[in-house]
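Being a predicted model, the structure only gives us computed values, none of them experimental.
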Amino acid sequence: MSEARFARDVSDLELGDYQRAVRLVLRHPLITASWPDDKALSRVRRFGATLRQDLADAFGYRLELHGATARLVRAKDRIDATQHALSRTDRPFDRQRYAYLALCLAVLGRAGVQIALSELAEWVAADANRITGLGLDPDRGADRRAFVDVVGWLEDRGAVRLADGSSAAWASDPGAGEALYDVARDVVFALFRPSRVLQHVDSVSALLMRSLASSGNAERRAAAQLARRAVVERAVVYYSDVDDAAANHLRGSALAADLQRLTGLRVERRAEGVLLVDTANFSIERFPGTGSVAQAAVLLATEMAERVVDPDGRRVKRMAPPDLRDHQQAVIAEIDAGLPTATLVPIEELETAVVAEPDDGDEDPAKLPFVTDSYVRTAVADILHRYASAFGAQWHADPERLRAEAVALLARFGAVSVMPGGVLVRPLVGRYRNTVATVKKRPAQQTLL
């Protein structure tokens, strides 16, 4: 057996299977008999005891194995707006869908073994119509589509199983279509696992991890867990984005060895931070990846990197990045504004606080290069021109949409910070500076003549 800190009882012969189980649980905090596939639950149960101990020691997570479910209760250190629930068409859930999801879980929790879709809609509507600004009207197509998106999300995870009928038929005509679902109560209860009693929560910040360390060793252990959580949950972790204690663990050699032992993935460390190199489809969204937006994002990152270091071009203005703590407080305030109250609280567009400073020639490493929106638009237009055949007609017709989606992708992976009027180029962009893109020629179509 190994002397490593984690996976101590796992033989070298089984280590690869164990690491796949760790990646599976981290990627899918809820695993059922059918989600994400029919073999996942058996893979997790095979190493249940070791997984439970390692995930608790390494990350402070709690793995619960009950009936036909495996549920990872994660400790959250910050509000993350990038991990959306997605519909079957990969559309991120909006507030209406999240509200319907919460109400569906409440109804299913007190339902019997079966429920008709129209009955579920009626019960959810009864609750939704008491909430100002929400409501559920089956006669409105938008409400029906949002409701069916939520039911599909629950069905994919095995919380409800279609016994008869079709939700699409109900969505098309609720007077003629109908669907009957079996309710998997163990999955329903596993889905709703808040770390606090929500009736006692007056701010979403109460759901975040609170360090209860009371000694030096406990504080170091908590900081190490925070550092490991950051690496497995974020695309890239910059030292400047965490406190000094966590940054020290990120710089140490033990973290890389621990995470490689647990996940089988290698930690890449640079002067500005670390990232976990995803060579095993660990992340739900990958970068670089396939698809027009991902390809445009890589090419755009290359353009930005060249712009920053171009000795012949005009010097790029540098700006101090926004304080992440202020941004977190703004996100928390926005969410808290939606807490149930007697009156509707209008939600305003969140605007990132900007600390713009004049370009005084100071090369303070804490300041990041600022690239304007106009430059990004020009770069996207140039990319479309140079690699015309790699992009479909819809992108050539709407380059602004391609720019917006590519920048959003780069922001989700920590490559840029979106600011009013442009983006701050973060160090991760330098990783793609020397990327060389080639367009594969499509094979000539053979003809009979």
Side-chain angles (χ1 to χ4, degrees), residues 79-84 86 90-92 94 234-238 241 272-273 275 278 283-310 313-314 316-324 327 330-331 334 349-356 367-388 390-392 394-435 437:
I79 303 298
D80 186 352
T82 65
Q83 301 183 26
H84 302 283
L86 298 174
D90 288 335
R91 179 180 179 183
D94 53 16
R234 305 183 199 174
V236 59
V237 186
Y238 297 105
D241 290 346
E272 300 86 359
L275 61 84
D278 187 1
S283 304
I284 293 177
E285 185 179 29
R286 303 192 68 188
F287 179 77
T290 58
S292 298
V293 174
Q295 292 169 355
V298 171
L299 295 169
L300 190 55
T302 305
E303 294 289 329
M304 290 179 182
E306 293 297 331
R307 173 69 184 92
V308 170
V309 299
D310 184 4
R314 192 175 59 180
V316 178
K317 182 168 70 174
R318 289 179 175 268
M319 299 169 59
D323 192 323
L324 289 182
H327 181 70
V331 174
E334 184 187 25
E349 188 73 19
L350 177 66
E351 184 172 343
T352 304
V354 183
V355 184
K367 295 180 179 179
L368 300 175
F370 178 75
V371 176
T372 64
D373 283 339
S374 62
Y375 173 82
V376 176
R377 288 191 178 91
T378 302
V380 170
D382 184 55
I383 290 169
L384 285 171
H385 176 72
R386 282 187 288 147
Y387 305 98
F391 296 93
Q394 73 274 23
W395 299 115
H396 288 278
D398 192 358
E400 182 61 17
R401 179 186 162 206
L402 181 61
R403 180 200 66 84
E405 295 194 14
V407 169
L409 177 60
L410 291 173
R412 289 198 295 276
F413 279 85
V416 301
S417 294
V418 178
M419 311 284 284
V423 298
L424 288 179
V425 182
R426 309 205 71 178
L428 181 63
V429 166
R431 196 168 189 267
Y432 307 100
R433 179 186 170 193
N434 296 320
T435 298

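Closest approach of A297 to L409, counting heavy atoms only: CB-CD2, 3.8 Å. Annotation for F391 and A296: closest pair CE2-CB, 3.9 Å, computed over non-hydrogen atoms. Smallest separation of non-hydrogen atoms from A379 and L300: CB-CD1, 3.7 Å. In terms of heavy atoms, P321 sits closest to L368 at CB-CD1, 3.9 Å. Heavy atoms only, all atoms of each residue included: W395 and L384 are closest at O-CD1, 3.9 Å. Closest approach of V418 and V407 over heavy atoms only: CG2-CG1, 3.9 Å.
Atom CG of D373 and atom CE of M419 lie 11.5 Å apart (nearest 0.5 Å). Here the CG-NZ distance, from L424 to K317, works out to 10.0 Å after rounding to the nearest 0.5 Å.
When side chains are defined from C-beta on, R426 counts as touching D241, because their heavy atoms get closer than 4.5 Å. Inter-residue side-chain proximity for E303 and V376 is flagged as unmet; no heavy-atom pair is nearer than 4.5 Å. M304 places a side-chain heavy atom less than 4.5 Å from the side chain of V423.
Applying the salt bridge (Lys or Arg N to Asp or Glu O under 4.0 Å) definition to pairs two or more places apart or across chains, those involving residues 409-425 are E285-R412.
D398 is linked by a salt bridge (charged side-chain N to carboxylate O under 4.0 Å, His left out) to nothing, counting only residues two or more places apart in sequence or in another chain. Partners of Q295 under the side chain to side chain donor-acceptor pair (under 3.5 Å) rule, at least two apart in sequence or in another chain, do not exist in this structure. With sequence neighbours excluded, the residues forming a salt bridge (charged side-chain N to carboxylate O under 4.0 Å, His left out) with D278 are R286, listed by chain and number. Shown here are the side chain to side chain donor-acceptor pair (under 3.5 Å) partners of R431, two or more places apart in sequence or in another chain: E268. In this structure R91 satisfies the salt bridge (charged side-chain N to carboxylate O under 4.0 Å, His left out) test with no other residue, sequence neighbours excluded.
Panel note: side chain Y238, backbone L428; a donor-acceptor pair is recorded below 3.5 Å. Side-chain atoms of R318 come within 3.5 Å of backbone N or O of K367 as a donor-acceptor pair.
Classified by interplanar angle (parallel below 30°, tilted 30° to 60°, perpendicular above 60°), the ring pair F287/Y432 is perpendicular.
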